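Remember, predicted model here, so these are calculated numbers, not experimental data.
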Amino acid sequence: MVRREKAVYDTLNMLNFDVTKKCLVGEGWCPIFAKAQIQEALQRATFDSSSQVGIIFHVMDAVESPPTYFRTNHFTNAYQEIVDAYGVARYQEANPAVYSVVTFPFLFAVMFGDWGHGICLLLGALVLIAREGRLSTQKLGSFMEMLFGGRYVLLLMSLFSIYCGLIYNEFFSVPFHIFGGSAYKCRDVTCSDAKSAGLIKFRDPYPFGVDPSWRGSRSELPFLNSLKMKMSILLGVAQMNLGIVLSYFNARFFRSSLDIRYQFVPQMIFLNSLFGYLSLLIIIKWCTGSQADLYHVMIYMFLSPTDDLGENELFWGQRPLQIVLLLLALVAVPWMLFPKPFILKKLHSERFQGRTYGLLGSSEFDLDVEPDSARDHHEEFNFSEVFVHQMIHSIEFVLGAVSNTASYLRLWALSLAHSELSTVFYEKVLLLAWGYDNIIIRLIGLAVFAFATAFILLMMETLSAFLHALRLHWVEFQNKFYHGDGYKFKPFSFALITDDDD
């Protein structure tokens, strides 16, 4: 009760007396949809307190930018918190949390793809959701509170992990013939070592995911490495393109045609003329079964674009297309860098041409205004500062296009690490212990395997993949369009006064 009283007085101290000293005047933010509710509440308060002075509620113009408020529910709140941890959205800019609801758990699952481990995570998430009512009223420890807060994130992460695990065909690293028989068989009847040599393809490809015959074969690692590495680049380029497209919608919403013409267009051209083209080559190579070396194609596209491609030619007209794309990428860099600062300077000089007068003070309010207020002066245009800022932004994008694409290779690296760790624990612990005809050794092996699975694969690997997915969203995705320099709307509420607050 004392805490509530203190909170009420703290809020009352923010209000001012009006000229007659009969009532209080306050300015504050409120969501537009809540205006009617606020008027009702104020009228009810006037009636309940038998106040002699009526309530006057009217909308006023503000110089400063409004706070940001997103309506969330139990499901979306955790994703909004993930984005807000990076930075609260600027007022009315696109909210990355909308896309993160799907992309975040999916990128996690690409690194954590194993449907056995996915089922374990799913059971944990379902337990937390089933006990939601009871746990929300209890005082939880920091770790449990974090798990409970992200229960719906965990739910989607586990469902996507099961999906990716079925594609990788891994159940605690063991492959299963779930969707039919393998497309490969032994070359002859006497072939005993079928896993490592002598396999031939005799029927249509395995209908869904990776063929179980690759597991344990001599070419397992080269095949899976190639598949996962190329898949990581495709996913990365797709997500970075989504980020740049969202920057277009931001610019269109704020009616900034300069940003569309001199940032969005050259950025799309630069990214897709290099890495969009690489993605196209990957898809063509998959579809045609070509043996072309894509490293060679991309390196010599820069070093000697006019040379003959030879056996690395994937389609007709590839060499002239590469020259055109290279020229487009080279043109896109000065296009990003030079026009915008000069156009801004021209627009500013036109707007303030011939203005040598200041602003007149029109009321008492203007006398009390802070010296650095926006009402006090119009900002001088500093061309060198704007140009340096644009140069930094352009260089960051050009270098970032390379480093961010490479950064998505963590999807391949972590997926490989997870798969190999699972295989080591299964083969070197469980199968080794099961090879002994002794119940105690078998039980010890099973206990070690269960402990390793629970603590290393389900806890440490989950945390590792979560943090890497977080980095991909904060750095590689959000820096394309998200400013994140706003501040949260924090209304007064008794429900938000926690035990820790003064």
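R215 contributes no side-chain N or O that, together with a main-chain N or O of E220, makes up a donor-acceptor pair within less than 3.5 Å. No side-chain donor-acceptor contact under 3.5 Å links N169 to the backbone of G209. Distance alone, capped at 3.5 Å, is enough to place a donor-acceptor pair between the H473 side chain and the A469 backbone.
Residues W412 and L235 fail the side-chain proximity criterion, which asks for heavy atoms closer than 4.5 Å. A 4.5 Å side-chain heavy-atom check between F104 and Y99 finds every atom pair outside the cut-off. Looking only at side-chain heavy atoms (C-beta outward), F302 and L274 come within less than 4.5 Å of each other. Contact of the M144 side chain with the L128 side chain is registered, since non-hydrogen atoms from C-beta on lie closer than 4.5 Å. Within the 4.5 Å cutoff, the side chain of M460 has no heavy atoms near those of the F455 side chain. At least one side-chain heavy atom of V101 sits less than 4.5 Å from a side-chain heavy atom of Y79.
Classification of the Y163-F106 ring pair by plane angle, with boundaries at 30° and 60°, yields tilted. Between F315 and Y277, the ring-plane angle classifies as perpendicular under the 30° and 60° cut-offs. The aromatic rings of F176 and F171 sit perpendicular to each other, their planes meeting at more than 60°, with 30° as the lower class boundary.
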Discussion item. Test ring-ring contact (aromatic ring centres under 6.0 Å, His included) on H296 and Y300; report intermediate values, then the result.
Written reply: CA-CA 6 Å; H296 186 278; Y300 284 96; 4.4 Å; yes

Worksheet item: Stepwise, does the salt bridge (charged side-chain N to carboxylate O under 4.0 Å, His left out) test hold for E313 with R319?
Response: CA-CA 8 Å; E313 189 164 356; R319 193 174 58 176; over 6 Å; no

Practice prompt. With side chain to side chain contact (heavy atoms under 4.5 Å, CB included) as the test, would you mind laying out the steps for L281 and Q318 before giving the verdict?
Written response: CA-CA 10 Å; L281 291 181; Q318 187 177 341; 4.0 Å; yes

Worksheet item: Taking it one step at a time, do K139 and E145 satisfy salt bridge (charged side-chain N to carboxylate O under 4.0 Å, His left out)?
Response: CA-CA 8 Å; K139 186 97 174 145; E145 196 171 350; over 6 Å; no

Worksheet item: Could you go step by step and tell me if Q37 and C30 meet the side chain to side chain contact (heavy atoms under 4.5 Å, CB included) rule?
Response: CA-CA 10 Å; Q37 289 170 259; C30 81; over 6 Å; no

Item to complete: Take K480 and E396 through the salt bridge (charged side-chain N to carboxylate O under 4.0 Å, His left out) test and state the conclusion after the steps.
Response: CA-CA 10 Å; K480 302 285 183 290; E396 187 184 31; over 6 Å; no

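Taking the ring centroids of F383 and F342, they lie under the 6.0 Å cut-off.
Remark: K340 is not positioned above the aromatic ring of Y262, lacking an NZ or CZ atom under 6.0 angstrom from the ring centre and at most 45 degrees off the axis. Remark: K228 qualifies as a cation-pi partner of Y168 under the 6.0 Å distance and 45° angle criteria applied to the six-membered ring. With Y482 as the aromatic partner, R90 does not meet the cation-pi criteria of under 6.0 angstrom to the ring centre and within 45 degrees of the ring axis.
To the nearest 0.5 angstrom, L121 atom CG is 5.5 Å from F108 atom CZ. Separation of atoms CD1 (I343) and CZ (R261) is listed at 7.5 Å; rounding is to 0.5 Å.
Applying the ring pair (Phe, Tyr, Trp, His ring centres under 6.0 Å) test to every pair with at least one member in residues 132-158, sequence neighbours left out, gives these pairs: F75-Y152.
Using a 3.5 Å distance cut-off with no hydrogens or angles, the side chains of S226 and K230 do pair a donor with an acceptor.
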